[in-house]
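Reminder, nothing fancy here: chain letters follow the sequence lines and each chain counts from 1. What's counted below: heavy atoms across the whole structure, side chains too, no hydrogens, waters or symmetry copies.
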Amino acid sequence: MAEIKKIKPSLPKGTRDFLPEEVAKRNYIFDTIKRVFRKYGFQQIDTPAIESLETLEGKYGDEGDKLLFKIRSNKNLLDRPEFVPTLKERLWEVYPYNFLPAGSEKGLRYDLTVPLARYVVQHQGDLAFPFKRFHIAPVWRGDRPQKGRYQEFYQCDADIIGSTSLLNEVELTQIYVEVFERLRLKVIVEINHRKVLEAIASYFGLTVNFESFTIIIDKLDKIGWDKVVEELTPLVVEHLALEALSVKSLQRFVFDIYNGSNSWFDVTDKLYKAIPPSDRWREDTWKGIISTLQEVLGKIKFDQEKVKLNPYLARGLSYYTGIIWEVVLDKNKEENKAIQMGSLGGGGRYDNLTEMFGGRDMSGVGISFGIERIYDVMEELKLFPADLGETTKVLFVHFDEASEAYAFEQLQKVRALDIASEIYPGKKKLDKQMNYANDKKIPYVIVVGGDEMASGKLTFKDMASGQQEKLTIEEIIEKLKGN
RNA sequence: GCGUCCUUAGCUCAGUUGGUUAGAGUAGUGGUUUGUGGUACCAUUGGUCGUGGGUUCGAGCCCCAUAGGACGCCCCA
């Protein structure tokens, strides 16, 4: 038997272990979000962590493809011992994929959206449309890790597939507001329409480089107007021969509209008046966008401090085609001022999602919660409840085999009432057993020894106060049920 | 793809211009207290100094290479 090589315990880069306490906190976030999702009629689904490479490749652009985790095929003939070195083998080393049947290669999922598209097309016969699902699961990216950015992380998405009604947008906005209220985070849900950006770009003659335009505009929060103008200027000059003055006016244009207004209707009205229909931009389309925004925002009385129209909100994603969201900390609130954190969520409407899998054209709209960041912010603001209720409520401790057996019997009575309880297994000195309760933050301990067995009155100790009293098991159960 | 930094005990880290046997705190174990934790005190286990090579009488420390990791750009679900 070969000796097992001892290695230093370590994790691959960009991955984390979670301690029980951390899992409890993460579950608190997940449970809060799930409760709201279900309240609005969303059903949870799951899909495999691995998908065919076919499914994943080509969906995230060149940059995304590079970050895909690929799983080496076990069909690789090179690994077979009987395989002798030949020219073919050399070719295998260089071009292994060329010798594999298409679709046999696997990869780890990169997000939850592409699996959703595959899922909807594959199961369309079994699903009720509009299909409202949520999905909370880890995804993997071979990215270079940074602070708050990992190779394995959770995504938490809710989407509605197959309905173009704006009621969906209204409800998703409600969900954002409600979830963050429940988590006691003060945030602003920013809303924009993708085509507002297109209109602005078009008005300033930036249609050729619209992608670059959105990428730059999206950085506004991070780098400020001066840098944005700086980055936009070459686009204008190179491709459209407009003087940089136009970019300055772009800044003023957006800035004025956004700042001088108190209500969404003011903002949308101003937008409407500010952008004259050009030959690239038909008036009725623009009207449609404005009314879309007004309908979504005006449907119910959102708190205007919490839900705001942000005409320069872009989001990098190219596949969004309609309303887009982003959730950010409300920097006007005192407690948030010191916290440096990007968006806590985002989403939008996208068309043709299912097309790539041969499905009929289905419009989709969805939101996502950045739970890793939400966790960090809540930790910093100390917003997690002190008692997350995920630990044992009461521990039985004992001295010898007889008292262990007796305690074990009593334990069954407590467990019969679904009270989380345990007995210290095996013989150990009492202080070690108490230590265990202490480390595990178990609030109550029941001491069972000779006296207790004789009298039937057990020693019930409150670990927080240190006080203890002699009670029958029935009296103890009553107390435990009470809190 | 570009750049900065890190790696010494399970964990967090000291370790002087290169010098004898590499330390501390913490966690663990045993005890002070054979029926009472969160505090204290005493004792004690635990290290191929990431790996490989080089310089040197001598390397945790200097040089080269390499692996792993963290962070910042780029990009971004």
For this session: Identify the nucleotide, in any strand shown, that forms a Watson-Crick or G-U wobble pair with B/rA70, with both distances under 3.5 Å; if there is none, say none.
Result: B/rU4

For this session: For B/rC13, give its Watson-Crick or G-U wobble partner with both distances under 3.5 Å, or none.
Result: B/rG23

For this session: Would you please indicate yes or no on a ring centroid separation below 6.0 angstrom for A/Phe42 and A/Phe134?
Result: no

For this session: Could you please name the partner base of B/rG46, counting Watson-Crick and G-U wobble pairs only when both distances are under 3.5 Å?
Result: none

Problem set entry | Donor-acceptor pair under 3.5 Å, A/Arg149 side chain vs B/rC75 base | yes

Exercise. Between B/rG1 atom C1' and A/Arg144 atom CZ, what is the distance in whole Å?
Worked result: 8 Å

Problem set entry | Verdict with supporting geometry, A/Asp143 and A/Tyr150, side-chain hydrogen bond (donor to acceptor under 3.5 Å, both in side chains) | CA-CA 8 Å; A/Asp143 211 350; A/Tyr150 305 98; over 6 Å; no

For this session: May I have the distance from A/Gln146 (atom CD) to B/rC5 (atom C1'), rounded to whole angstrom?
Result: 14 Å

For this session: Evaluate the ring planes of A/Phe180 and A/Phe369, with Trp represented by its six-membered ring, and classify them as parallel (under 30°), tilted (30 to 60°) or perpendicular (over 60°).
Result: tilted

For this session: Answer yes or no: is there an ion pair linking A/Lys39 with A/Glu171, defined by an N-O contact shorter than 4.0 Å?
Result: no

Problem set entry | Electrostatic pair A/Lys59:A/Glu54 at N-O distance under 4.0 angstrom | no

Exercise. P atom, B/rU16 versus B/rC6: distance in rounded Å?
Worked result: 15 Å

Exercise. B/rC61 and B/rU44: how far apart are their P atoms, nearest whole angstrom?
Worked result: 30 Å

For this session: Look at A/Glu181 together with A/Lys306 and state whether they make a salt bridge at an N to O cut-off of under 4.0 Å.
Result: yes

Exercise. Below 4.0 angstrom, N of the basic side chain to O of the carboxylate: do A/Arg133 and A/Asp159 qualify?
Worked result: yes

Exercise. Between A/Glu478 and A/Glu474, is there a donor-acceptor pair closer than 3.5 Å when you use the side chain of the first and the backbone of the second?
Worked result: no

Problem set entry | Length of the line joining A/Lys147:NZ and B/rC73:P, which is rounded to integer Å | 12 Å

Exercise. Of all the choices, B/rC75, B/rG69, B/rA77, which nucleotide is nearest to the side chain of A/Ser368 once you look at every atom?
Worked result: B/rA77

For this session: Return the nucleotide paired to B/rG18: Watson-Crick means purine N1 to pyrimidine N3 with N6-O4 or O6-N4, wobble means G-U with N1-O2 and O6-N3, both under 3.5 Å.
Result: none

Exercise. Mapping A/Leu11 and A/Thr113 to their closest nucleotides on RNA chain B, which lands nearer the 5' end?
Worked result: A/Leu11

Exercise. Do A/Lys457 and A/Glu469 sit within salt-bridge range, that is, some charged N less than 4.0 Å from a carboxylate O?
Worked result: no

Exercise. Looking only at side chains, do A/Lys432 and A/Tyr436 share a donor and an acceptor under 3.5 Å apart?
Worked result: no

Problem set entry | Distance, rounded to the nearest Å, where A/Leu67 contributes CG and B/rG1 contributes P | 11 Å

For this session: Mind checking A/Phe153 for me? I need base, sugar-phosphate or nothing, with any heavy atom below 4.0 Å counting as a touch.
Result: base

For this session: Figure out the OH/C1' separation between A/Tyr150 and B/rA70, and round it to whole Å.
Result: 11 Å

Problem set entry | Whole-Å C1' distance, B/rA65 and B/rU55 | 15 Å

Exercise. Below 4.0 angstrom, N of the basic side chain to O of the carboxylate: do A/Lys25 and A/Glu22 qualify?
Worked result: no

For this session: Considering only atom P, compute the distance from B/rG38 to B/rA70 and round it to an integer number of Å.
Result: 36 Å

Problem set entry | Atom pair distance, as rounded to whole Å: CG in A/Leu116 and P in B/rA77 | 17 Å

Seminar exercise, completed: Here the distance between atom P of B/rA77 and atom CZ of A/Phe369, to the nearest Å, is 18 Å

Seminar exercise, completed: Using Watson-Crick geometry (N1-N3 plus N6-O4 or O6-N4) or G-U wobble (N1-O2, O6-N3), each under 3.5 Å, B/rA40 is paired with B/rU32

Exercise. With both distances under 3.5 angstrom, what nucleotide forms a Watson-Crick or G-U wobble pair with B/rC76?
Worked result: none

For this session: Return the value, rounded to whole Å, for the distance between atom NZ of A/Lys59 and atom P of B/rA77.
Result: 17 Å

Exercise. Which whole number of Å gives the distance between the P atom of B/rG1 and that of B/rC62?
Worked result: 29 Å

For this session: Would you mind pulling out the nucleotide paired to B/rG58, Watson-Crick or G-U wobble, both distances under 3.5 Å?
Result: none

Problem set entry | Cationic N near anionic O, under 4.0 Å, A/Glu51 to A/Arg118 | yes

Exercise. A/Pro12 near the nucleic acid: base, sugar-phosphate alone, or nothing, with a heavy-atom cut-off under 4.0 Å?
Worked result: sugar-phosphate

Distances under 3.5 Å only, N/O to N/O: pair up the protein atoms with those of nucleotides 8-10 of chain B.
| from | atom 1 | to | atom 2 | distance (Å) |
| --- | --- | --- | --- | --- |
| B/rA9 | OP1 | A/Lys8 | NZ | 3.4 |

Problem set entry | Under 4.0 Å protein heavy-atom contact, by nucleotide of nucleotides 34-46 of chain B - B base, S sugar-phosphate only | -BBBB--------

For this session: Taking atom C1' in both B/rC13 and B/rU8, compute the distance separating them and give it to the nearest angstrom.
Result: 9 Å

For this session: Please tell me which of A/Gln155 and A/Lys13 maps to the more 5' nucleotide of RNA chain B, matching each residue to the nucleotide holding its nearest heavy atom.
Result: A/Lys13

Exercise. B/rU20 and B/rA59: how far apart are their C1' atoms, nearest whole angstrom?
Worked result: 14 Å

Exercise. Say you pick atom C1' in B/rU66 and the same atom in B/rG25; how far apart are they, in whole Å?
Worked result: 33 Å

